Structure formats: structure tokens, C-alpha cells
Amino acid sequence: MTKNKKLLLIDGNSVSFRAFFAMHNVLDKFVSDDGIHTNAMYAFNNMLDIILREEKPTHALVAFDAGKTTFRTEMFSDYKGTRAKTPPELMEQLPLIQEMLNLRGIKTYDLKNYEADDIIGTMSRKGEIEGMDVSIITGDRDLTQLTTDKVTVRVNVKGVTETEAYTPEHVKEKLGITPDQIIDMKGLMGDNSDHYPGVEKVGEKTAIKLLNQYGTMEGLYEHVDEMKKSKLKEHLINDKAQAFLSKKLATINCDAPVELKIGDLEYQGDNQEQLIKFYQKMNFNSFLEKMDVEVESSTKELPKIEFSELNDEAIEKIYNYEQPQTLIVESFGENYHVSPIIGLVIESNGHYYGTTDIAILENDKLKNWLADDSKEKYIFDNKKTVALLRRYGCELAGISFDMLLVSYLLDTNDNKTDIGIVAQNYGHQLPTEDEFYGKGVKKAIPEDEQILLNFLCQKAQVINILHDKMFSELKANDQDSLYDEIELPLSNVLASMEIKGVKVDATRLKEMQNDFAKRLDDIEQQIYTEAGQEFNINSPKQLGVVLFEDLKLPVIKKTKTGYSTAVDVLEKLKDKSAVVQKVLDYRHISKINSTYAVGLQKFIQPDNRIHTIYQQTLTQTGRLSSIEPNLQNIPIRVEEGRQIRRAFVPQDDDWEMFSADYSQVELRVLAHISGDENMQEAFKEDYDIHAHTAMRIFGLDSTDEVTPDMRRKAKATNFGIVYGISDYGLSQNIGITRKEAAQFIDSYFEQYPGVKKYMEDIVKFARENGYVETIMHRRRYLPDIHSKNFNIRNFAQRTAMNTPIQGSAADIIKVAMINMQKRIKDENLQANLLLQVHDEMIFEAPKSEIPLLEKIVPSVMDSAVKMDVPLKVGFAHGKSWYEAK
DNA sequence: CGCATCACG
DNA sequence: ACGTACGTGATGCGG
């Protein structure tokens with residue numbers, strides 16, 4: 001009779017904490033009508049839906065902590081001593097979470113002097129005695145000590161909606177010990193967040209090792225005298241009392257005086273009527289929709305802005321108005337090089353004018369207004385708007401405020417290219433594109449054009465409202481010239497590069513595709529023969545089975561999901577089986593074929609050109625990125641791939657491709673900002689920098705003594721320095737031991753003491769200011785620099801070292817692009833700037849202009865920014881991109 | 001839709 | 001004791 005009963009026990013406090021921080025980034029967006037935050041309630045309820053669906057409990061209880069003092073604080077006054085105070089925004093939600101749970105038919109409970117854990121432990125044992133299956137939901141791994149054959153503990157991972165289920169087997173698999181041994185482990189290792197000590201220098205790994213040997217802490221201490229002399233033994237003996245206390249603290253009390261009987265916990269299901277009221281008060285529209293309750297239209301619809309038709313009369317007013325006006329040009333579709341304009345709104349002197357009749361773009365006065373540089377305009381995403389309008393025969397000028405660019409400069413994390421998100425980050429209600437148009441199959445233009453135009457008016461309004469605030473933040477950050485002189489002008493340069501596009505020879509790509517297809521077929525057959533079976537070579541999973549199980553090759557590296565079959569692994573296995581080299585060949589050709597030979601053809605437009613989109617507000621460092629397609633990763637390192645570049649051609653037969661690139665910009669930037677005299681000298685004297693580095697770190701007298709291998713290692717070290725060096729990373733990269741790598745780094749810093757100082761100073765700066773910046777004051781915030789997590793903190797430190805270098809290099813080429821575009825115009829050249837690949841610019845130009853470009857381009861590039869070391873530029877030209885290198 | 005892999009700087 | 005190089009985007013697989 002009790003056979004099908006299922007008891008669900010939830011650790012209310014720990015799940016609430018998890019829920020709160022999982023949705024911490026949207027804290028200010030989840031507020032009830034009464035001004036109470038609701039993010040944790042929302043996430044908790046989301047999780048509850050999933051758990052109820054999966055577990056189908058007959059009985060349920062959510063346990064909470066009763067207060068700060070418990071029997072544990074009596075045993076150890078400092079228990080949870082360093083625990084930060086619960087944020088008030090969560091505090092106010094805790095009673096409401098209980099109320100919500102009760103409305104959902106679930107009992108809540110707390111008990112003076114005991115923690116939620118103890119209530120859960122106690123009730124789980126009671127349930128077990130009655131023969132029930134028990135599921136425990138918690139954010140706290142320590143509860144896995146409660147797992148038995150009948151009790152499963154599900155621990156939240158990544159937020160709250162996902163859990164990892166611990167059975168005794170899973171505990172064993174994950175930790176290598178039994179659930180009973182967890183308290184012994186905690187006793188030995190202590191707990192930082194609960195703030196109890198354990199044994200010095202013993203962490204998880206050591207604790208588990210000891211427990212595998214001795215079973216329990218008691219067993220361990222019986223034999224501690226027999227251990228051979230070591231620091232570990234000393235610590236164990238010294239901290240014995242602490243360890244036993246910690247074990248007690250870690251032990252969940254399964255015999256707490258809980259006055260509940262299992263019968264009291266019957267799951268009641270939702271109290272529909274009350275719950276609807278509750279959800280309405282909390283503005284939980286998505287939960288209401290799930291309950292099939294009509295969501296009040298007032299909560300769903302945007303507030304209305306009065307607007308009138310954008311017609312000839314309105315245009316007259318707009319044209320004659322002298323103050324800044326705000327322009328919204330709305331398109332619908334994925335890629336703005338092909339998607340149509342669906343609406344226009346202009347805000348002028350507090351009035352809004354809108355239309356969905358795109359024929360208005362033929363109005364000459366409007367055209368003039370758009371193109372007039374003296375008519376000041378506010379906008380969101382200048383580059384996109386320029387590209388859209390150009391397809392409709394309109395020019396755009398006079399932009400002073402591009403809210404997208406400004407928001408990116410203020411914080412590179414706010415880069416979502418979605419005005420709704422930027423608005424929400426500043427506390428303004430504006431739907432995102434997904435929210436307004438819908439996602440996936442549901443995505444559509446609203447049938448009622450009034451609704452669409454109202455949305456556009458809302459966008460215009462937000463731009464107006466935020467202009468002053470964002471601009472003053474920009475000034476306060478000393479970023480106004482970065483905006484005025486770099487990002488805004490650059491957006492126009494990028495727009496013309498995208499619009500111009502680059503000519504691609506589809507016929508050549510097709511030929512390559514056919515050739516690759518034949519070769520792939522051939523290699524495929526050879527692989528099948530040698531492997532003795534047919535399988536999907538492109539599936540790392542299937543390939544792993546063939547290589548490591550059937551062919552029994554040694555496993556060198558594993559991934560989360562199985563065997564690694566990455567290049568560096570296969571390179572090491574080349575000698576073991578002939579099939580490995582063939583797999584490498586297959587992969588290589590398959591990549592080039594699918595991504596480039598085949599992939600690029602899909603992007604060739606009727607004008608025979610490819611129009612990429614440069615993302616100007618995406619990267620954390622200030623670089624550009626290129627999408628649909630990515631033209632910044634066209635192959636070059638391996639000849640077969642490099643052939644792809646033959647398909648990139650100039651627009652006419654008597655034109656050529658011309659490419660110019662900075663040599664070693666990042667190292668030059670490092671030499672400049674670190675002020676290191678030795679590195680600066682190397683660049684001033686135009687030495688071979690890697691050979692020079694080799695000479696220094698290997699202690700040679702002249703670069704003549706540098707062997708190619710020394711140079712290779714020095715080069716890798718230089719790269720490593722730029723990336724924020726670690727001995728491990730360097731050792732992996734050049735195949736030396738970690739120790740050797742550490743020595744490399746030491747002698748590097750000895751030779752370049754300025755670099756060492758820079759690395760130390762920049763991390764310190766990041767810690768003190770919370771951000772780092774480039775030579776042009778581009779900022780990157782690094783909140784992780786204070787993380788308690790070793791890995792996360794180290795990553796932030798490397799980022800602090802790398803970002804000013806990579807970012808300043810990005811600043812430099814951006815200036816060069818702007819100057820170059822201007823120069824082309826001033827000199828009346830036909831040449832077009834087509835592409836940027838981080839440290840190089842690619843042009844097409846009539847052959848007759850090449851000699852001039854050879855003079856102009858390098859001089860514009862190397863004079864872009866004044867630094868303490870010279871910039872050096874190389875260049876080449878030819879009948880395709882392949883030759884221009 | 002996340003993961004592994006690999007293309008570029 | 002921890003587990004790494006910095007910054008990107010596209011593809012194919014498989015749940």
C-alpha cells in the first residue's frame with residue numbers, strides 16, 4: 001500500500017539562495033507591484049514545476065532554517081562565522097516563498113535550534129522507515145551524506161532548474177567514497193563556507209585518499225602513529241580535536257525533535273484561486289499563462305505614446321527643426337543586408353511621427369534631411385541603419401549619439417545589440433526584439449501596425465531619455481574621444497566595407513568543392529578498410545570508439561563526454577596506426593570543404609559579392625568580429641586551405657587585391673605600455689624580436705647563436721606573455737616540462753623587468769579599480785578579479801594582463817582604418833577598403849593605384865598612433881587575396 | 001542546444 | 001589543492 005508513495009524534501013534556504021543568485025542579473029526586472037523583489041521566488045517556482053513533474057511526489061515538505069543560533073553554534077561559536085549576511089533583496093522574499101509554497105499545496109517547516117538539513121535528514125529517515133522513496137532537493141552538496149538505496153539527493157547545478165542526482169553509486173563514482181564517509185571527509189578537510197577548520201593542508205583529494213586507506217576518521221586515528229613521518233602526519237595529530245569537532249558539525253542530525261508525521265506532509269496540489277491572486281500580485285505572467293489564466297492585457301501591452309503619421313507635412317516640420325531628433329529605422333529579418341525596412345519613426349521636438357509606408361523614403365525632403373550632416377540625429381546602431389537606408393537609396397549623416405556604441409563603450413558586457421536589453425540595464429521597460437516579435441516559429445510582425453509603431457516610438461523615447469545620462473558617464477570615464485574620434489566614425493567605415501562587400505568567384509569554389517569531395521571519398525574508403533569497419537568519421541564519439549576500443553590505441557586525453565580526438569592527441573598517435581594520419585587528413589579537408597568551399601557559396605549575393613557583418617559591439621577587448629560569414633578566419637596556415645583565398649578577387653580584371661598588415665603589433669604595444677627598455681630597444685633597432693628574445697633568455701652573446709628551436713621557444717614565450725603567462729600553458733604549447741617553462745618565464749622577466757612590473761601593476765590596478773583600460777581608454781570590467789575561486793580569479797588576472805594589449809592593438813588599427821578611408825577620399829582614389837582581420841587591412845584597387853597604395857597605406861598605418869616604439873607595416877598585392885600576402 | 005573540433009588573429 | 005594560455009565564429013553530431 002505504501003509502495004507507490006514518494007516523499008519530496010526541499011532544502012528551502014539553500015535553494016532560495018541558489019535561485020536568488022541564479023537570477024541576480026535580472027534582480028531589478030523582477031519586482032512586484034508592492035516593490036518587492038521576486039527573482040528568487042520566480043526561479044524557485046520554476047524549479048518546483050520541473051521537480052513536481054519529474055518526481056510526482058505524494059508527500060512533500062520544504063524545510064527552512066529557524067535562525068542563526070543552532071545546536072551547532074553551541075558546539076562551535078564561530079560556525080558559519082564568516083558567512084555574509086543574507087542580502088535584504090532575498091530576505092524580503094523568504095516569507096513570500098513560504099507563502100507561495102503553501103499555496104502550491106506544500107507544507108513548510110522550521111525548527112528552533114536546528115537547520116533545514118536536520119529536518120530533512122530526520123524526515124527522510126521517517127519516510128524510509130515507512131518504505132517510501134525519498135527525493136531531496138538542495139544546493140548543498142553536503143546533503144549527499146543522506147543518500148541510501150531509497151534516498152536520492154538532487155543537487156542544483158548551474159542555477160536551479162538543473163540538478164545532479166546522487167545515489168550511493170553516484171557518490172562513489174564522483175568522490176570515490178561512500179555516503180557515510182562524507183562526514184569523515186568534511187571533518188578532515190573542513191568547510192570554508194560554513195567556516196569550520198578540519199586538518200591543516202588537507203583538502204578533498206587528501207581526505208579521500210586517507211579514507212580509502214582507513215575507512216573512517218576513527219580508523220585513521222587508530223593508526224595515525226604507524227604512519228611514516230611526514231608533514232601530513234604532524235598536521236593530523238595537531239588538528240585531531242578540530243577534525244572530530246568538524247565531523248560532528250558536518251553530521252546531519254537525523255533524529256531532530258521534528259513534530260511532523262509523514263501523514264502531515266501529503267501533497268495537496270495548487271490552491272488555484274489563491275495562487276492566481278498571488279501570481280497576479282507578483283506579476284508572474286508566465287505562470288498565469290501556464291494555468292490558462294488570461295493575462296490582463298494591461299500588464300502585457302506597452303504604454304502608449306501618441307504619434308502622428310510621418311507624411312509630407314511632418315517631414316516639413318522635421319526638416320525645419322534645429323535641435324537633435326531621434327530616428328528609428330526598423331527592419332525585420334536576420335541579416336540587415338537583405339532584410340526589409342518595415343517601419344520608420346522620427347521623434348522631433350517631443351512629437352512622434354511614424355509610418356509603415358516605406359515609399360516615404362522616396363520623399364526628397366526626407367532624403368535631404370537624412371543625408372544632411374548638419375541635422376543632428378540620435379539613433380541606435382548607426383552601421384545597421386546606414387546599410388538599411390542605402391538599399392533604399394538614402395544616405396545617412398549627422399549622427400551624434402549612437403546609443404549602441406555608447407553602451408558598449410561604457411560596459412562591454414552590455415553588448416547584446418538589442419535596445420531592449422540596454423534600456424532594461426538602465427531600468428527602463430522596453431521589450432527585447434525576441435519579446436516583441438516572438439522567437440523561432442512564432443516570430444512575426446504584429447498585424448496591427450499601430451502596435452509596431454508604438455514599439456518604435458518607445459525605442460525613440462528611450463534613446464532620448466538615456467542620452468544625457470549615458471553621455472555624461474562617457475565623459476566621466478574619459479571616453480568621449482574614444483567615442484567621437486574612433487567608434488562613431490568607424491561605424492561609417494565599417495558600413496561602407498560591408499555594403500561594398502568582396503567579390504568571390506563561385507566557380508572556383510565549386511571546383512574546389514568537387515575536388516575535395518573526390519579526395520574525401522578516397523580517404524574515407526581507405527579509413528574504412530584500415531579500421532575494418534564503416535563509421536562516421538565526423539563523429540568524435542564514433543571515432544573515439546574505433547580508435548581507442550577497436551584499435552586499442554592509448555588514451556591520451558579525455559573530454560567531459562568521452563575520449564578526446566583533437567589534433568594534439570592524434571598527432572601523438574600518428575606512429576601507432578596508419579589510420580590516424582588519414583583521419584587527420586580527412587578532418588582537415590572536411591573542415592575546409594564544409595566551412596569554406598561549400599559554406600562560403602551560400603553567402604554569395606546576386607552581385608557576386610559577400611557582405612559580411614562586422615560586430616562592432618561584441619568583443620570584450622575592442623576587436624571586431626565578423627559573421628555571416630566570418631571573413632576573419634579564412635585559412636592561410638596550411639596550403640590546401642590557403643587556396644580558398646584564390647576565390648577572393650577584385651571587382652575588375654585590371655584591379656588587384658592589396659593587403660597590408662602590422663608586424664608584431666601586440667608585442668610593440670606591450671613594449672610601449674610596459675616601458676620596458678630592453679624590449680623597446682629591440683623594436684627601435686628593428687631586431688628580429690623572437691631571435692632577440694631567444695638570445696636574451698638563453699644567455700647568448702649574439703643572435704647568430706640562436707638555433708631555430710630556441711627561436712621557436714622564445715616566440716611561444718612572447719605569445720604566452722601577451723596572453724598572461726602561466727608555466728603550465730607554456731609547457732603545453734612548446735612541449736617542455738612545467739619546471740622548464742617556469743625557468744623560461746623567470747629568465748624572461750629578468751631580461752624584461754619592465755614587462756614583469758607591468759604584469760604586476762596591471763593586476764593591482766584591476767583589483768583596485770575593478771577594470772583595466774587600453775591606450776584609448778577602452779574599458780573592460782573584471783569583477784572576477786576578486787573571486788574566491790582560484791581558477792576564476794586567475795583567469796581574470798590573465799585577462800587583466802592581456803586586454804590592454806589586445807585592446808590597444810585594436811584601437812590602433814581602428815584609427816588607421818578611419819584615416820585610411822579619409823585619405824582614399826581626399827586623394828580621390830577608386831580603391832576600396834574591403835576587409836579587416838585584426839592586424840591587417842585588405843583593399844581592392846585598380847592596378848594603376850597600387851604604387852600609390854604602397855606608399856600611402858603603410859604610412860597611414862604606422863602613423864595611426866604615436867607610441868614609444870615604431871609600428872611596422874608589411875604589404876603585398878596580386879590578382880587574388882591568395883597572392884596579396 | 002551544448003559540446004567538440006578547428007579556422008583565424 | 002586547484003587546472004589554465006588571450007580574443008573570436010561555423011560546422012557537425014547527438015541528446
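Being a predicted model, the structure only gives us computed values, none of them experimental. Any value given below was found using the heavy atoms of this structure, including those in side chains, with hydrogens, waters and symmetry copies removed. Chain A is the first sequence line, chain B the second, and so forth, proteins listed ahead of strands; every chain is numbered from 1.
- For the 3.5 Å distance criterion, the side chains of A:Ser626 and A:Thr612 qualify, holding a donor opposite an acceptor.
- For the segment residues 558-567 of chain A, residues with any heavy atom less than 4.0 angstrom from an atom of DNA chain B are, sorted by number, A:Thr559, A:Lys560, A:Thr561, A:Ser564, A:Thr565, A:Ala566, A:Val567.
- Against DNA chain C, the stretch residues 658-666 of chain A makes no heavy-atom approach under 4.0 Å.
- Rounded to whole Å, the distance from CE on A:Met759 to P on C:dA5 is 17 Å.
- Remark: A:Arg778 does not engage A:Glu773 in a salt bridge, criterion side-chain N to carboxylate O under 4.0 Å.
- The six-membered or imidazole ring of A:Tyr752 lies near that of A:Tyr748, with a centre-to-centre distance under 6.0 Å.
- Counted by atom type alone, A:Arg711 and A:Thr693 present zero donor-acceptor pairs between their side chains at under 3.5 Å.
- For the side chain to side chain donor-acceptor pair (under 3.5 Å) with A:Ser659, the qualifying choice from A:Lys885, A:Arg645, A:Glu840 is A:Glu840, the only one to do so.
- Between the CG atom of A:Leu667 and the P atom of B:dG9 there is a distance of 15 Å, given to the nearest Å.
- Atom CZ in A:Phe719 sits roughly 18 Å away from atom C1' in C:dT4 (whole-Å rounding).
- Per the geometry, CD belonging to A:Gln732 stands 13 Å off P belonging to C:dC6, to the nearest Å.
- Cation-pi geometry between A:Arg738 and A:Tyr728 is not met at under 6.0 angstrom from the ring centre and within 45 degrees of the axis.
- For the residue pair A:Glu498 and A:Tyr336, a side-chain donor N or O sits within less than 3.5 Å of a side-chain acceptor on the partner.
- Taking the P atoms as reference points, B:dA7 lies 33 Å from C:dC2, given to the whole Å.
- Among the atoms of the strands shown, only primed sugar atoms or phosphate atoms (P, OP1, OP2) are found under 4.0 Å from some heavy atom of A:Thr206.
- At a non-hydrogen distance threshold of 4.0 Å, A:Asn791, A:Asn794, A:Phe795, A:Arg798 from residues 791-798 of chain A come into contact with DNA chain C.
- The interatomic distance linking A:Trp881 (CH2) with B:dC8 (C1') rounds to 9 Å, in whole Å.
- Taking 3.5 Å as the limit, the base of B:dC8 and the side chain of A:Gln632 contain no donor-acceptor pair of atoms between them.
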Please lay out, stage by stage, how A:Tyr882 and A:Phe648 fare under the test ring pair (Phe, Tyr, Trp, His ring centres under 6.0 Å).
CA-CA 8 Å; A:Tyr882 179 90; A:Phe648 287 78; over 10 Å; no
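- A:Gln242 and A:Glu200 share no donor-acceptor pair across their side chains, judged by distance under 3.5 Å alone.
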Using the side-chain contact (heavy atoms from CB on, under 4.5 Å) rule, take A:Asn633 and A:Tyr596 through it: C-alpha gap first, then chi angles, then the decisive distance, then the call.
CA-CA 10 Å; A:Asn633 71 347; A:Tyr596 302 103; 3.4 Å; yes
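- One finds no side-chain N or O of A:Arg637 lying less than 4.0 angstrom from the OP1 or OP2 phosphate oxygen of B:dA7.
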Residues A:Lys591, A:Glu640; criterion salt bridge (charged side-chain N to carboxylate O under 4.0 Å, His left out); working and verdict
CA-CA 11 Å; A:Lys591 170 85 181 178; A:Glu640 258 148 347; over 6 Å; no
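- We find that A:Glu628 and A:Lys602 are not joined by a salt bridge, their nearest charged nitrogen and carboxylate oxygen being 4.0 Å or further apart.
- In this structure, a donor-acceptor pair under 3.5 Å is absent between the side chains of A:Glu666 and A:Gln806.
- For the pair A:Asp568 CG and C:dT4 C1', the interatomic distance rounds to 14 Å; values are reported in whole Å.
- Within a heavy-atom distance below 4.0 Å of DNA chain C, the residues of residues 721-728 of chain A found are A:Tyr723, A:Ile725, A:Ser726, A:Tyr728.
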Before giving the answer on side-chain contact (heavy atoms from CB on, under 4.5 Å), spell out for A:Ile785 and A:Arg793 the whole-Å C-alpha distance, their side-chain angles and the decisive distance to 0.1 Å.
CA-CA 5 Å; A:Ile785 202 92; A:Arg793 189 176 62 247; 5.6 Å; no
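- To the nearest whole angstrom, the two C1' atoms, one in B:dC6 and one in C:dG3, are 23 Å apart.
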Dot-bracket for DNA chain C, 5' to 3', counting Watson-Crick or G-U wobble pairs under 3.5 Å, with [ ] for crossing pairs and | for inter-strand pairs?
.....|||||||||.
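- No side-chain heavy atom of A:Lys541 sits under 4.5 Å from any side-chain heavy atom of A:Tyr563.
- In this structure, A:Ile644 atom CD1 and B:dC8 atom C1' are separated by 14 Å, rounded to whole Å.
- Using modelled atom types, no side-chain atom of A:Gln213 and backbone atom of A:Leu210 make a donor-acceptor pair closer than 3.5 Å.
- Under the 30°/60° scheme for interplanar angles, the aromatic rings of A:His337 and A:His611 are found to be tilted.
- Protein atom CD of A:Glu640 is 12 Å distant from nucleotide atom P of B:dC8, rounded to whole Å.
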What does nucleotides 8-15 of chain C look like as a protein-contact string, B for base, S for sugar-phosphate only, - for none, at under 4.0 angstrom between heavy atoms?
SBBSSSSS
Could you walk me through whether A:Arg779 and A:Asp411 satisfy the salt bridge (charged side-chain N to carboxylate O under 4.0 Å, His left out) test, starting with their C-alpha distance in whole Å, then the side-chain angles of each, then the deciding distance to 0.1 Å, before giving a yes or no?
CA-CA 7 Å; A:Arg779 267 185 197 206; A:Asp411 189 342; over 6 Å; no
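- Looking only at atom types and distance, the side chain of A:Glu234 has no donor-acceptor partner in the side chain of A:Asn238 under 3.5 Å away.
- Using a 4.0 Å heavy-atom cutoff across all strands shown, A:Asp839 reaches sugar-phosphate atoms only and no base atom.
- At a threshold of 4.0 angstrom between heavy atoms, the contacts of A:Ala716 include nucleobase atoms, whether or not backbone atoms are also involved.
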